[in-house]
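Below: one structure, written as structure tokens.
Note that the structure is predicted; figures quoted are calculated from it, not measured. Sequence lines set the chain letters: A, B, ... in the order given, protein chains first and strands last, and positions in each chain run from 1. The analysis underlying the following values was restricted to heavy atoms, covering all of them including side chains, and did not include hydrogens, waters or symmetry mates.
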There are 2 protein chains.
Amino acid sequence: MTAVLVIEDDDRIRLALLLALEEEGYAARGAATAEEGLRLQRSEPADYVLVDLMLPGLNGFECIRQLRRDDDVPIVVVSARDDTHDIVAALEAGADDYVVKPVAIKELSARLRALRRRARALTAPVPVQVIGDLEISPDAGEVRRAGQPVPLTRTEFRLLCELAEHAGRVLSRQQLLQRVWGYDTGDERLVDVHVGRLRQKIEAEPGNPRHLVTLRGLGYKLQR
Amino acid sequence: MTAVLVIEDDDRIRLALLLALEEEGYAARGAATAEEGLRLQRSEPADYVLVDLMLPGLNGFECIRQLRRDDDVPIVVVSARDDTHDIVAALEAGADDYVVKPVAIKELSARLRALRRRARALTAPVPVQVIGDLEISPDAGEVRRAGQPVPLTRTEFRLLCELAEHAGRVLSRQQLLQRVWGYDTGDERLVDVHVGRLRQKIEAEPGNPRHLVTLRGLGYKLQR
DNA sequence: GGTTGTATGACAGTCCTGTGACAAATCCAC
DNA sequence: GTGGATTTGTCACAGGACTGTCATACAACC
């Protein structure tokens, strides 16, 4: 699941950002100071970092520089100051983007996706997601179970990727129909059938699934 | 020298941007319409494209989509509209950044540098690729299998290089058509045919390929 | 026990891919 | 230029894989 770290000293703003990001499907965590943020990112790296510029103690620019020393993580500055000098300095320090508060969460989310798209097109290693004994590589079009390739059909593969991207979160049949099949409406049984086929291939005991579990009345969830 | 293409219909703004960019050390060229911009980018690719959204004829969003189809070039939208909906739509269409007019040239330049820093990672071309018992030398225009030169036609060679450059990743038929043939659109069977011919030459058992594999519904992939 | 929701096997239609044939385009030596 | 060889793109088709629907059986909840 895509993780975002928010470094922002104002409690209200930080919380609002965290909530909004969760709503968008990210796993968001916060830090109130640069020091805490750096520590967090080192111990448990997020996929993106959002950082405010005006922080107590170590300021935002320095925070960016230090982040950048260790890590290629995309950094987005979220600042109240709409000032060319600050923008240039932040980008020079190593930030990838700079947005001005207040920022629409949809815009922020779109900017994160744009960064990911750019980062993904370029990174040599193919990203792999690990769920239990499953390794899922969306870019390689490949799934391995205990190291062995599992032959999946396109639909099964897309379904699994969609579930993996939001691992640990329930996805309703409607959401899956929408995201995997692009159907605005349709027979929800269809999802059941494909989930069943997927289980045959990725679960040790398809009748008693450990990863791809049903949440009665809600939908399906992929858990570690 | 870094080249920038500016697609903007307003002559005054375009000229101002071009001048400012030259001042910043870029080789800048302009286009007044999306169509002209696309043509220019195809014939003489720039390293960055700046594009306005409100263009006569083909609009900015469509322009971005078409640029993105051919090319991984970083695209920055320079628009007068500061509207979340537009921003999200432009980024979704494939833009990398979105700035609102009037924009400080220093900021724009810093954003371009940030994009370049991010893009650098992968642009280093590999001299020789080894995939299984295949050695691919894009520069030398040569492919060896188990040390023996393999005679490939130009198209086969380009196809193989494209696949090798993204070894381990699925490339869709559309992507291959665009990158190898430069087609915006075309018959995807064409790819099949050439993949088939390529397999005859580089695979021990063309009917049961080990490297150049089909991912049904997704495309082709070259794996080690 | 009744009701609701979920799993699964069978099946027909559809979609996808590989391939051989062929004509147009290109190359190349003379 | 000419003629032949090579390469390229198009097409049609066959076989196989995949998908979605349905009916039925099963499980969970009240």
Closest nucleotide among D:dG20, C:dA7, D:dT8 to the B:His194 side chain: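 The answer is D:dT8, which lies nearest to the side chain.
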
Regarding [X], tell me which of base, sugar-phosphate or nothing describes its non-hydrogen contacts under 4.0 Å with the strands shown.
X	value
A:Gly186	nothing
A:Arg199	sugar-phosphate
B:Tyr220	sugar-phosphate
A:Val193	base
A:Arg154	sugar-phosphate
B:Gly217	sugar-phosphate
A:Arg173	sugar-phosphate

Give the rounded distance in Å between these two atoms: [atom1] of [X] and [atom2] of [N].
X	N	atom1	atom2	answer
B:Leu190	D:dT7	CG	C1'	12 Å
B:Arg189	C:dT17	CZ	C1'	6 Å
A:Gln174	C:dG5	CD	P	14 Å
A:Glu203	C:dA7	CD	C1'	14 Å
B:Asp192	D:dC13	CG	P	17 Å
B:Leu198	D:dT7	CG	C1'	14 Å
B:Glu188	D:dC11	CD	P	14 Å
A:Phe157	D:dC18	CZ	P	14 Å

Tell me whether the side-chain N/O atoms of [X] come closer than 4.0 Å to OP1 or OP2 in [N].
X	N	answer
B:Trp181	D:dG9	yes
B:Thr214	C:dC16	no
B:Thr155	D:dT7	no

Hey, which of these two, A:Pro206 or A:Arg216, hits DNA chain C nearer its 5' end, going by closest nucleotide?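 Residue closer to the 5' terminus by nearest nucleotide: A:Arg216.
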
Can you work out whether B:Asp187 or B:Leu152 has the more 5'-proximal nearest nucleotide on DNA chain D?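 So the residue in question is B:Leu152.
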
Are B:Glu62 and B:Arg65 close enough, and set up right, to give a salt bridge (charged side-chain N to carboxylate O under 4.0 Å, His left out), and what steps lead you there? CA-CA 5 Å; B:Glu62 196 46 45; B:Arg65 250 174 242 115; 2.9 Å; yes

Would you state whether a donor and an acceptor, one from the side chain of A:Arg197 and one from the base of D:dG20, lie under 3.5 Å apart?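 A donor-acceptor contact between them is present.
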
Identify whether the distance between the nearest side-chain nitrogen and carboxylate oxygen of [X] and [Y] falls below 4.0 Å.
X	Y	value
A:Glu8	A:Lys101	yes
B:Arg117	A:Asp72	no
A:Glu162	A:Arg158	no

Might you work through the side-chain hydrogen bond (donor to acceptor under 3.5 Å, both in side chains) test for A:Arg199 and A:Thr214, ending with a clear yes or no? CA-CA 11 Å; A:Arg199 279 182 180 146; A:Thr214 305; 2.7 Å; yes

Do the side chain of B:Glu142 and the main chain of B:Pro149 share a donor and acceptor less than 3.5 angstrom apart?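 No: the side chain of B:Glu142 does not pair with the backbone of B:Pro149.
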
